[in-house]
Amino acid sequence: MIFRLSLLLLLVLPLTAQEPIRGFTPASAKHELELESKAIASIDAARIGQHIKTMSAKPHAAGSAASKEVANYALEQFRKSGLDVRIETFEALLPYPVERVLEMVAPVRHKFRLTEPILKEDPDSSDAHQLPSYNAYSASGEVTAPVIYVNYGVPEDYEYLKKIGVDVRGKIVLARYGKSWRGTKPKVAAENGAVACLIYSDPKDDGYWKGDVYPAGPFRPAQGVQRGSVMDMPLYVGDPLTPGWASEPGGKKLAIKDAQTLMTIPVMPISYGDAKPILEKLEGPVAPDDWRGALPFTYHIGAGPSKVHLRLKLDNGIRPIHNVIATIPGQTADQWVIYGNHHDAWVNGAHDPISGAAVVLETAHVLGALKKTGWKPKRTIVFTLWDAEEFGLVGSTEWVEKHRDELRAKAVLYINSDTNGRGSLGAGGSYSLEQFMEQVARDVKDPESGKSLLHSSMRAVTRTPAADPNAHLILKLEPLGAGSDYVAFFHFAGVPSLNLGFADPSGGGVYHSIYDSYAWYTRFGDKNFVYGKALTEVMSRTILRMAESQVLPFEFGRLASTIRQHVDEIEKLAGQLNSKIDWQTAKAELTRMAELSKLFETQMARLTAVSANGNGALTSANATLARAEQSLQATNGLPDRSWYKNVLSAPGMYTGYGAKTLPGVREAVDRKRWSEANEQAKVLGAVLKKFNNTLEEVTTQFDRIH
Ligand SMILES: [Zn+2]
């Protein structure tokens with residue numbers, strides 16, 4: 001589902017000596033590196049390519065028979081790799097379209113075909129059983145109304161319309177993709193009184209302005225359409241009818257009218273080929289500079305005279321979901337390292353998600369090969385392939401909701417990936433894992449430049465690398481929003497999480513169209529699957545280090561300083577609005593966290609100086625350490641959305657995918673709700689205090705180990 005590029009952020013710091021691997025003794029680090037080398041030596045790019053080809057051979061949207069076939073294929077691969085494997089089935093509201101009519105009725109008549117043309121260069125483009133272009137969780141309905149162009153359809157755009165006296169009430173708005181989560185556009189449109197919303201891909205953001213279009217180049221052709229869910233994900237994700245509990249056959253469900261994440265107006269995605277005649281005939285004010293796209297005419301806002309008739313019917317079907325779960329049991333069976341990617345696609349999905357799903361299978365293969373030689377990891381490793389991610393992270397969310405208590409007791413880490421391609425490593429996640437991930441990136445080479453990922457990713461940042469040879473790179477993890485299947489783990493269950501994958505910085509593609517195919521991927525994506533191989537290496541090292549470490553490699557100094565930065569940012573923001581927030585407890589707790597982190601570092605150094613031979617006290621101290629992150633949750637969740645509980649980040653209420661840091665306070669400041677901002681700063685203070693108490697308990701437990 002991820003489209004927004006998340007890139008590795010790097011800063012240049014003074015050189016420190018090459019660090020050993022965090023969490024290991026010198027002797028166990030040596031053994032660990034040998035184990036990693038063995039795993040990495042058996043990664044096979046051709047096998048990754050074969051998985052991509054097989055799993056993207058048919059359109060396989062969640063709920064379809066083909067989606068189950070893909071799940072069964074994965075099951076078979078895990079089994080061959082020697083893993084214990086099962087499919088866990090849920091069911092959820094997964095609406096398919098049954099009727100789609102769009103016609104322009106004034107000032108000229110034009111009926112839109114709403115199909116993406118077959119290309120002779122791409123055999124998959126003629127596949128039967130493609131799900132037509134639509135927005136899942138749109139309302140069904142029929143409207144005829146004049147059109148207004150609303151740019152990206154974010155709240156600022158409506159403020160501008162108000163300023164110039166354009167009223168969208170009773171109109172159909174035409175918004176372009178980009179800048180916000182897809183579902184935010186119809187939500188804001190409905191809040192402003194629009195009766196329907198059309199969303200199109202403007203060639204400036206996603207088409208010929210970027211480069212040659214498919215099949216000549218990688219970019220979106222005129223009739224290519226971005227399908228996708230318009231669930232109101234910032235409220236909660238997963239099955240709209242079962243917020244907070246698992247959606248199992250025969251289980252409790254909300255009535256459709258009570259589900260809060262469904263859109264209240266009809267929404268339909270269209271191509272820029274289809275948006276063109278509508279936009280071209282609009283009159284009224286000329287759109288401001290930054291509203292104009294790359295279609296060959298002057299953009300006007302309307303309303304009208306372009307008028308369209310839209311009739312849309314979705315079936316509100318309840319359909320099955322098949323999650324594939326495979327494990328390598330560890331010596332400590334109740335500490336789990338989990339790695340997942342989704343397997344469902346809107347159409348064939350060679351890039352989204354199969355390029356990532358194939359890496360899960362390959363990582364399971366290479367670790368399974370170690371298992372076949374008699375190796376048993378210290379901790380249990382769990383591989384997962386989720387269904388129905390595209391609809392709104394449904395498979396992973398239902399699974400987490402079902403197993404929440406067990407996950408809170410056992411999960412040490414959840415690692416997520418989604419799409420993968422030629423480019424730079426994107427990395428987001430828990431700040432307490434920043435130092436750990438930095439070492440993994442340091443130890444993996446970019447397949448093209450041959451340099452460490454820490455260095456090669458420099459091409460992705462605007463900051464000029466210092467020519468100073470005494471410079472050392474650090475990695476900053478991006479805060480987690482709501483882009484992919486880590487959401488329920490991180491925001492709902494409080495499991496430490498990472499989101500990793502290579503992405504093309506130019507962002508070129510055919511995202512969520514019928515052209516996201518094996519033919520496209522092998523011409524314009526990761527042609528020789530070398531980035532698939534590189535991601536398998538990143539994942540293998542990440543999993544093995546987490547599963548084999550003597551002390552779990554968390555670190556809290558950067559956590560404290562990152563939160564401190566966010567507090568400073570918001571304080572400045574409030575100052576600019578002539579207000580002041582009482583951060584007293586939060587700031588005191590951040591100072592305490594920095595002190596505790598130093599104590600923890602001393603213990604880490606002491607405990608990784610020598611081997612601790614199956615020390616039971618160490619196992620239970622690690623378990624407490626793994627659970628520390630759970631105390632970063634507010635018991636009652638965030639304001640207006642109790643499902644989201646992590647106080648450090650959340651998807652923005654009106655941005656969607658992108659994360660807002662310290663969302664409780666920040667969004668209150670954004671809305672100038674000062675008493676709520678102060679209340680949320682208190683909640684933050686209390687949560688940080690709870691976290692520090694856990695951290696103190698960790699240090700007490702570690703202190704007792706000799
Ligand atoms: Zn995806």
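Atoms within each ligand, like the ligands themselves, are counted from 1 in listed order.
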Margin query: Could you tell me if the side chain of Phe383 sits less than 4.5 Å from the side chain of Asn341, heavy atoms only?
Written below: no

Notebook entry, point to check: Which atom, among the N/O/S set of Asp418, is closest to the Zn ion (ligand 1)?
Noted result: OD1

Notebook entry, point to check: Do Trp386 and Phe90 have their ring centres less than 6.0 Å from each other?
Noted result: no

Item checked: Centroid-centroid under 6.0 Å between Tyr208 and Tyr272 rings -> yes

Notebook entry, point to check: Restricting to N, O or S atoms of Asp352, which is nearest to the Zn ion (ligand 1)?
Noted result: OD1

Check: Is it true that some N/O/S atom of Glu389, main chain or side chain, lies under 2.8 Å from the Zn ion (ligand 1)?
Finding: no

Notebook entry, point to check: Would you call Glu448 and Arg422 a salt bridge, using N to O less than 4.0 angstrom?
Noted result: yes

